[in-house]
Number of protein chains: 2
Amino acid sequence: MPPSPTRPQGRPSATDHAAIEHAAFRLFEEQGFDNTTMEQIADAVGVGRRTLFRYFPSKNDIPWGQFDESLRHFREQLASQSLDGTVADAVHRCVVSFNDFDPATLAQHRTRMTLILTTPTLQAHSALKYGAWRRVIAEYVARRTTAAPSDPLPALVGHVSLALAVSSYQRWLDHPELRLTDVFEESMRQLRTYLS
Amino acid sequence: MPPSPTRPQGRPSATDHAAIEHAAFRLFEEQGFDNTTMEQIADAVGVGRRTLFRYFPSKNDIPWGQFDESLRHFREQLASQSLDGTVADAVHRCVVSFNDFDPATLAQHRTRMTLILTTPTLQAHSALKYGAWRRVIAEYVARRTTAAPSDPLPALVGHVSLALAVSSYQRWLDHPELRLTDVFEESMRQLRTYLS
DNA sequence: CACCTTAATGGCACTCAGCGCCATAATGGA
DNA sequence: TCCATTATGGCGCTGAGTGCCATTAAGGTG
């Protein structure tokens, strides 16, 4: 027997993250995020409201999809950076690559980010998501600089990297003709110019 | 008759922002922010729950006090900057001065910021407050650089200034012996070093 | 086939933030 | 005394989120 994708045991799942996301985004687009209730999403998926909360800890987390898992990749990519260049270059490379999406999924990503960046409720929630992202960077910088725990640099780099990323995204959403990674590079250049 | 502080007319207020803040902070400290209900605060103030929502649009806004009003000062101070220096210097000066508090109110300010920066619920809500703060900076930069509305620099400067401010605050909260304005300066120096 | 274990579902009831509605209270003025 | 003005606060509702628990749908074992 081939060790088939073992269905462990127990009652099979009635849905999955992708199906919920799909139904939810359709409703968000039709009625807006705040006007869509978890009950409506549950009905659209064909599942109980209670079950939704087992897949996403909150309604605000639905637009973020598998963000938390993607942080693991981000962490690993940072860890595998060569130690030759500067810390700033390594961080910048990984931040850009973290946001370099397959053209096939780009449209979906644009929809996602538009929702997140234009809905106040989600703007607020994103602070928590961003916090986890910043922490990944801060941990890397701390390791690379063998900084004391109280060294302010790691946290600062996390915050500034986020600042660059979010303002790049805002520009990218306004200008669909630009490539996201190019916008990142341009923002970085602008910041360097501004500060000198 | 001296034009006495005209009490306009109508039923007098039963409380004010300061009294609510005071009662709320006491409860937040005793039980934590999330475990404190609006009803408890209302009882402590001696006022109806419904009335609280006329003074603060949400529970999350209570720790921010009169932040929205202070943005007006911030805007005016930026507007009154000399045009001699660089935009970066003007922004930096105003950001530092915005966070230069009277020693008498410093302890209160530290309590406030500790609460905001360590409570996840409030971290999330702060994104909305920060957004308004960033907009003030972005508007100033746009004016000073006569930027096209699509110019990315104003938004970028807003984001990066915020990044500096928040990481400075985190450091200041960890190190009570430091002066907040000094921490700002140090963060700015560190950023310049990091990027060059 | 009956039975057990495992794991997911989903209903129910509850708390709490927030909001719309509106009757009521407390003031100054005519 | 009556009126206009303005704040209060009670009531009832919606909707997110949670704890609890009975139920369902598998796989495995004798």
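Chain letters run A, B, ... following the sequence lines, proteins first and then strands; every chain starts at 1.
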- [ ] Respond yes when some side-chain nitrogen or oxygen of T51(A) is under 4.0 Å from OP1 or OP2 of dG10(C), and no when none is.
- [x] yes

- [ ] Give the rounded distance in Å between these two atoms: CZ of F53(B) and P of dA7(D).
- [x] 18 Å

- [ ] Describe, in one word, how the ring planes of H17(B) and F56(B) are oriented to each other, choosing from parallel (under 30°), tilted (30 to 60°) and perpendicular (over 60°).
- [x] perpendicular

Task: Listed nucleotide nearest any side-chain atom of R49(A), set dT6(C), dA13(C), dA4(D) - done: dA13(C)

Open item on the list: Using only modelled atom types and a 3.5 angstrom limit, is any donor from either the side chain of R54(A) or the base of dG10(C) paired with an acceptor on the other?
Closed with: yes

Open item on the list: Tell me if the side-chain of R11(B) makes a donor-acceptor pair with the base of dG9(D), cut-off 3.5 Å, by modelled atom types.
Closed with: no

Task: Nearest-angstrom distance from the residue atom CD of E39(A) to C1' of dA16(D) - done: 12 Å

- [ ] Just compare dG27(D), dA16(D), dT5(D) and give me whichever is closest to any side-chain atom of Q9(B).
- [x] dT5(D)

TODO: Give T36(B) one of three labels, base, sugar-phosphate or nothing, depending on what nucleic acid heavy atoms sit under 4.0 Å from its own.
DONE: sugar-phosphate

Open item on the list: Using whole Å, what does the distance between atom P of nucleotide dA16(D) and atom CZ of F33(A) come to?
Closed with: 9 Å

Open item on the list: Rounded to whole Å, please give me the gap between CG in D34(A) and P in dT14(D).
Closed with: 17 Å

Open item on the list: Without decimals, in angstroms, what is the distance between M38(B) CE and dT15(C) C1'?
Closed with: 15 Å

Open item on the list: Exactly one of F184(A), F74(A), Y169(A) should register a ring pair (Phe, Tyr, Trp, His ring centres under 6.0 Å) with F98(A). Which one does?
Closed with: F74(A)

- [ ] Could you tell me the separation between the NZ atom of K59(A) and the C1' atom of dG18(C), rounded to a whole number of Å?
- [x] 14 Å

Task: H125(B) NE2 - dA17(C) P separation (whole Å) - done: 14 Å

Open item on the list: If you count heavy atoms of other groups shown closer than 6.0 angstrom to CD of E185(A), is the number above 12?
Closed with: yes

- [ ] Send over the distance from Q40(B) CD to dT15(C) P, rounded to a whole Å.
- [x] 13 Å

TODO: Select from N35(A) and R50(A) the residue whose nearest nucleotide in DNA chain D is closer to the 5' end of that strand.
DONE: N35(A)

Task: First encountered from the 5' end of DNA chain C, between N60(B) and S13(A) - done: S13(A)

TODO: Decide if atom CD of Q31(A) counts as having more than 12 heavy atoms of other residues, nucleotides or ligands within a radius under 6.0 Å.
DONE: yes

TODO: Would you check if Q123(B) and I116(B) make a side-chain contact, meaning some heavy-atom pair closer than 4.5 Å?
DONE: no

Open item on the list: Mind checking if G10(A) touches a base, just sugar-phosphate, or nothing, with heavy atoms under 4.0 Å?
Closed with: base

Open item on the list: Please classify the nucleic acid contact of Y55(A) as base, sugar-phosphate, or nothing, using heavy-atom distances under 4.0 Å.
Closed with: sugar-phosphate

